[in-house]
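Contents: one structure, followed by commentary.
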Protein chains: 2
Amino acid sequence: MDRTPRSGPYICGIDAALDVVSGKWKGLILWELDAHRVRRFSELRRGLPGVTEKMLTQHLREMEKDGLVHREVYAEVPPRVEYSLTEHGHTLNQALGPLGAWGVDRIRREGSEVVDVPETAH
Amino acid sequence: MDRTPRSGPYICGIDAALDVVSGKWKGLILWELDAHRVRRFSELRRGLPGVTEKMLTQHLREMEKDGLVHREVYAEVPPRVEYSLTEHGHTLNQALGPLGAWGVDRIRREGSEVVDVPETAH
DNA sequence: CCGTATCCGCCCTGATACTG
DNA sequence: CAGTATCAGGGCGGATACGG
C-alpha cells in the first residue's frame, strides 16, 4: 500500500525532492492544486486526462503522507472530499518553477508534442 | 539500449524536465559535473558510491542523447574519456537549484538519514 | 581504463471489477 | 461521489561476467 521506502539514505537535496515528485502525475497534481487552491477528487480526475482512479488515489495518498497535500473529508451525502496544498506543497511548487520553465524551453527546442503548456506564473 | 520513449506527449514543462532527470543517479551526476567542470569515468564512479558501471554508463548515454552531457574520447593508451556539462546541462542544473534547496529543507524537517548534503552554491 | 552483455527481481503503472 | 481489490505487464535498477 505504502510507497516503497527509499533504498538508502538521501545523497543530496535533489534526491530528497525528486523522491517526492517522482510519479507520473504528481507534477500535474501539484500544478492543478496550486492553480485552483481546492479541488475535489472528480475535478482532479477530469484535470488529469488519462489518469486512473487507482493512480490518482495512490499519488494523492503518498503526497498527503509526504506532507504536500491536505485531504478534507466532509461527512455528507453524496460524499465530498477536497484536496488542497499544504504550505510545504506550495513551496515545493514554487521551487519547481524554474524547472518547469527549463522544460518548456526543452519542448520548444525539440519540437516535442505537447498537450498543454501552462504558464509558469499562474 | 535506448531509454523507453515517453508513453505520450508531455503535459507540461515539469514533465519534460522530470523526464530528463528521472534516474537514480542523474541529479548527482549533474552536480558532480557542474562542480568539477570535467570528470573522467572512474572519477564519476568514485563520486557516486554504490553505482554500478552499467548504470553509470546508461545514465551518461541517456544524458548525452538528451543534450545535457558532452563526452570527449581521447585515443590514448590507457584510454581516457572525459565528461562535462553542455550549456543545456548547465542551465538545467541552475533550474534544479531551488528544488535542491527545498529538498535540503525537507531532509532537515524529517531528520532523514543523509550521506552528504552539498551546498547549493558551489 | 572504460566500458558491454546477460540475466533477474521488483516496483510502478494500468485495466478491470466492485463497494460505502 | 469517492474510492478499494485484484491481476498483469514491462521497465528500471542491480549483480555478475566478459571484452577492447
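We use all heavy atoms of the structure for the numbers below, so side chains are in, but hydrogens, waters and symmetry mates are not. Below, chain A is the first sequence line, B the second, and so on; all start at residue 1.
Between the CG atom of B:Leu44 and the P atom of C:dG3 there is a distance of 10 Å, rounded to whole Å. To the nearest angstrom, C1' of D:dA2 lies 6 Å from CZ of A:Phe41. Nucleotide C:dC11 holds its P atom 14 Å from the CG atom of A:Asp19, rounded to whole Å. Taking atom NZ of residue A:Lys26 and atom P of nucleotide C:dT13, one finds them 8 Å apart after rounding to whole Å. Summarising the geometry, the separation between CD on B:Glu72 and C1' on C:dC2 is reported as 15 Å, rounded to the nearest angstrom. Rounding to whole angstrom units, CD of residue A:Glu76 and P of C:dG20 are separated by 21 Å. We find that CG of A:Asp15 is positioned 12 Å from P of D:dG13, with the value rounded to whole Å. In this entry the distance linking CG of A:Leu56 with P of D:dT4 reads 11 Å, nearest Å.
End-to-end axis angle for the helix from C:dC1-D:dG20 to C:dG20-D:dC1, using five pairs per end and rounding to 10°, comes out at 50°.
Every residue was checked against the side-chain hydrogen bond (donor to acceptor under 3.5 Å, both in side chains) condition with A:His36, not counting sequence neighbours, and none meets it. Residues forming a side chain to side chain contact (heavy atoms under 4.5 Å, CB included) with B:Arg71 (at least two apart in sequence, or on another chain): B:Arg61, B:Glu64, B:Val73, B:Val81, B:Tyr83. Not counting sequence neighbours, the partners of A:Glu72 by the side-chain hydrogen bond (donor to acceptor under 3.5 Å, both in side chains) test are A:His70. Applying the side-chain hydrogen bond (donor to acceptor under 3.5 Å, both in side chains) test to B:Glu76 and every residue at least two apart in sequence or in another chain returns B:Arg80. With sequence neighbours excluded, no residue forms a side-chain hydrogen bond (donor to acceptor under 3.5 Å, both in side chains) with B:His59.
Within the structure, every side-chain polar atom (N or O) of B:Tyr83 is placed at least 4.0 Å from both OP1 and OP2 of C:dC2. Under 4.0 angstrom from either OP1 or OP2 of C:dC12 there lies no side-chain N or O belonging to A:His59. Residue A:Trp25 places at least one side-chain N or O under 4.0 Å from the OP1 or OP2 atom of C:dG14. Proximity of A:Arg39 to the phosphate of D:dC1: no side-chain N or O atom is located under 4.0 Å from OP1 or OP2. Taking 4.0 angstrom as the limit, A:Ser42 places a side-chain polar atom (N or O) nearer than this to OP1 or OP2 of D:dA2.
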For residues 93-105 of chain A, which side-chain donor-acceptor pairs fall under 3.5 Å, sequence neighbours excluded?
residue  : atom : partner : partner atom : Å
A:Asn93  : ND2  : A:Asp34 : OD2          : 3.0
A:Trp102 : NE1  : B:His88 : O            : 3.4
A:Trp102 : NE1  : B:Thr91 : OG1          : 3.0

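With a 4.5 Å cut-off on side-chain heavy atoms, B:Val51 and B:Lys24 do not count as touching. Here the side chains of B:Asp19 and A:Arg106 are in contact, with some heavy-atom distance below 4.5 Å. Looking at heavy atoms from C-beta onward, A:Leu30 lies in side-chain contact with A:Leu85 at the 4.5 angstrom threshold.
Of all nucleotides listed (C:dT4, D:dA2, D:dG13), D:dA2 comes nearest to the side chain of A:Arg40. Each of C:dT4, C:dT13, D:dA2 was ranked by its minimum atom distance to the side chain of B:Arg61; first place goes to C:dT4. Side-chain proximity of B:Lys24 to D:dG3, D:dG14, D:dC1: nearest is D:dG14.
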For nucleotides 15-20 of chain D, read 5' to 3', which letter fits each nucleotide if B means a protein heavy atom sits under 4.0 Å from the base, S means only the sugar-phosphate is that close, and - means neither? B----B
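Note on residues 47-59 of chain B: pairs passing salt bridge (charged side-chain N to carboxylate O under 4.0 Å, His left out), not counting sequence neighbours, are B:Arg45-B:Glu53.
Annotation: of the two residues near DNA chain C, A:Met55 and B:Arg45, the 5′-most nearest-nucleotide partner is B:Arg45.
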